[in-house]
Amino acid sequence: MRIFATLLLVLFGICCAAVPDAWAAAPTLFRTPGYQSPVRADPDDLLMLAGSGFHPTDRVVYAALDSSDPAATHPGRVPDSSSALSGSAPIVANAGPDIAVTVRLPMQMQRGRAYRLWVVTEQNEWSAPVTINDPRPLWFSPAYAWSTAGIPGVGRVLRIIGRNLSTAYGQSTQIRLQGSVTYVLPVRTAESGVRALPLYAAEAILPAQLAPGSYTVSIRRSDGGWKDIPDRKLEIRADPRQPPEFRLDDAAFGGCRANDGADDSRCLAGAIDAAARAGGGAIRIPAGRWRL
């Protein structure tokens, strides 16, 4: 009996010792960029972090996004004070026993700047990070472009649509086309007076000549890495064949001239016949008065 009782005490001790370690595990944060993860927030905003496994003694730490740290390494400890680069955000509400917390972002943070946020347990266990204010590209327009020609009504402009795409706050933004050749294009600054749209759209002028092929489209700001647009490729097509042109005043069609009062129908018929023999074409009628 003494051996059996001792064994029970040992097992009970192991069981009890495991409870604090399990409780110390860091929460899991929802990190699906399209809908579950937080998107943007500014100083003094309330921000809800959803997930599971939150603890009453958790703390939330933030740090400015750094393009030189793609691994998203968390700070070594909870900062003692808050600044534009890093700090902690006080938790002001719990949505449930362990499914979410709401924080108030410190006034020291910079409006529009991209930040990573972690939840830290009392035992110094750190969650995986979530980000706010970082670019979230969703699609682009148009779906294709010509090698050198412009698309009527569009020209040679490529637009990316998504979230957090503004060029404000002193951050340069670039669009990259990556295929057989790589092109890096500066994003145009929004027109004066346009406020809301730049948050959701970014555009760049395409180079005068692009190599035909299929390209991955990405965007980045100076405070982060490249973000690819998922599940889509930009198609660069060879320029369409330009149809031959036949001028109404060509001597081969009878030497008709504008504004001379003569009947010019024979020249038009000759130009149309020439276009038909060529397999198609455009009839150009110079400015002036013609009798057809």
Please check if Leu85 and Leu65 belong to a single hydrophobic cluster, counting links between Ile, Leu, Val, Met, Phe, Trp and Tyr side chain heavy atoms closer than 4.5 Å. no
Please report the closest heavy-atom contact between Pro137 and Pro230, naming both atoms and the distance. O-CD, 3.9 Å
Taking the side chain from Asp45 and the backbone from Asp42, do they hold a donor-acceptor pair closer than 3.5 Å? yes
Side-chain donor/acceptor of Asp249 to backbone N/O of Gly255, under 3.5 Å: no
Which word best sums up how the rings of Phe253 and Phe246 line up, parallel for under 30°, tilted for 30 to 60°, or perpendicular for over 60°? tilted
Does the Ser82 side chain pair with the main chain of Ser88, one donor and one acceptor, at a distance under 3.5 Å? yes
Hey, are the side chains of Leu47 and Val60 touching, using non-hydrogen atoms and a 4.5 Å cut-off? no
Indicate yes or no: at least one non-hydrogen side-chain atom of Leu29 is less than 4.5 angstrom from one of Phe54. yes
Indicate the atoms forming the closest heavy-atom contact of Ala64 with Ala84, along with that distance. CB-O, 4.2 Å
Under 4.0 Å between a Lys/Arg side-chain N and an Asp/Glu carboxylate O for Asp44 and Arg104? yes
Quick one: CG on Leu158 to CD1 on Ile175, what's the gap to the nearest 0.5 Å? 5.5 Å
Got a second to check how far Leu199's CG is from Asn164's CG, nearest 0.5 Å? 7.0 Å
Within the supplied structure, the quantity of interest is the number of heavy atoms (other residues, nucleotides, ligands) at a distance under 6.0 Å from Arg232 CZ; does it exceed 12? yes
Quick one: do Ser172 and Arg221 satisfy side-chain contact (heavy atoms from CB on, under 4.5 Å)? Show the steps, please. CA-CA 6 Å; Ser172 63; Arg221 296 194 321 199; over 6 Å; no
Do the non-hydrogen side-chain atoms of Tyr62 and Thr131 ever get within less than 4.5 Å of each other? no
Decide, yes or no, whether a salt bridge links Asp264 with Arg266 under the criterion of side-chain N to carboxylate O below 4.0 Å. no
Are Ile99 and Ser52 packed together at the side-chain level, in the sense that at least one heavy-atom pair is separated by less than 4.5 angstrom? no
Looking only at the side chains, is there a donor atom on one of Ser218 and Asp228 sitting less than 3.5 Å from an acceptor on the other? yes
Nearest heavy-atom approach of Ala275 to Gly281 is CB-N, 4.3 Å
Evaluation steps, side-chain contact (heavy atoms from CB on, under 4.5 Å), between Ile236 and Tyr215: CA-CA 8 Å; Ile236 302 299; Tyr215 290 82; 3.6 Å; yes
Interatomic spacing from OH in Tyr115 to CD in Gln110 - rounded to 0.5 Å: 5.0 Å
Kindly compute the distance separating CD1 (Ile219) from CZ (Arg176), expressed to the nearest 0.5 Å. 11.5 Å
Close side-chain approach of Pro75 and Val61, heavy atoms under 4.5 Å: yes
So, do Tyr200 and Arg163 sit near enough that their side-chain heavy atoms are less than 4.5 Å apart? yes
Take Lys227 and Asp134 through the test salt bridge (charged side-chain N to carboxylate O under 4.0 Å, His left out) and record every step on the way to the result. CA-CA 9 Å; Lys227 296 287 186 71; Asp134 55 314; 2.9 Å; yes
Tell me, please, which residues at least two apart from Arg59 pass side chain to side chain donor-acceptor pair (under 3.5 Å). none
Can you tell if the side chain of Trp146 reaches within under 4.5 Å of the side chain of Ile151, non-hydrogen atoms only? yes
Between the main-chain N or O of Leu210 and the side-chain N or O of Ser147, is there a donor-acceptor pair closer than 3.5 Å? yes
Can any side-chain N or O of Asp263 pair as donor or acceptor with the backbone N or O of Ser265 at less than 3.5 Å? yes
Test Ile132 against every option in Leu49, Leu105, Val39 by the side chain to side chain contact (heavy atoms under 4.5 Å, CB included) rule and name the one that passes. Leu105
Between Arg156 and Pro207 (side chain of the first, backbone of the second, donor and acceptor by atom type, cut-off under 3.5 Å), is there such a pair? yes
One pair to check against side-chain contact (heavy atoms from CB on, under 4.5 Å): Leu268 and Leu248. What are the steps and the verdict? CA-CA 6 Å; Leu268 177 61; Leu248 191 62; 3.8 Å; yes
Pairs meeting criterion disulfide (SG to SG under 2.5 Å) with involvement of residues 241-292, two or more places apart: Cys256-Cys267
Starting from Leu234, can I reach Trp139 by hopping between I/L/V/M/F/W/Y residues whose side chains sit under 4.5 Å apart? no
Between Val120 and Met109, is there shared hydrophobic-cluster membership here, with clusters defined by ILVMFWY side-chain heavy atoms closer than 4.5 Å? no
Worked verdict on Thr121 versus Thr57 for side-chain contact (heavy atoms from CB on, under 4.5 Å): CA-CA 7 Å; Thr121 69; Thr57 56; 6.0 Å; no
Going by side chain to side chain contact (heavy atoms under 4.5 Å, CB included), Ile229 matches just one of Leu138, Thr216, Ile160, Ile161. Which one? Ile160
Taking all non-hydrogen atoms of both residues into account, name the closest pair between Ala63 and Trp118 and its distance. CB-CZ3, 3.7 Å
NE2 of His55 to CD of Gln123, rounded to nearest 0.5 Å, is 8.0 Å
Quick one: which residue pairs count as a disulfide (SG to SG under 2.5 Å) with a foot in residues 119-155, not counting sequence neighbours? none
Report the distance from atom CD of Gln178 to atom OH of Tyr183, rounding to the nearest 0.5 Å. 12.5 Å
Ignoring hydrogens, what is the shortest heavy-atom contact between Val119 and Pro27? Give both atom names and the distance. CG1-CG, 3.6 Å
Work out which heavy atom in Pro38 is nearest to a heavy atom in Arg136; give both atom names and the distance. O-NH2, 2.9 Å
Pair Arg237 + Glu235, salt bridge at N-O below 4.0 Å: yes
Do Ser37 and Phe30 come close enough that some side-chain heavy atom pair is under 4.5 Å? no
Are Trp226 and Phe140 linked, directly or through intermediate hydrophobic residues, by side-chain heavy-atom contacts shorter than 4.5 Å (ILVMFWY only)? no
Would you kindly confirm whether Val184 and Val187 end up in one hydrophobic cluster when ILVMFWY residues are joined by side chain heavy atoms under 4.5 Å apart? no
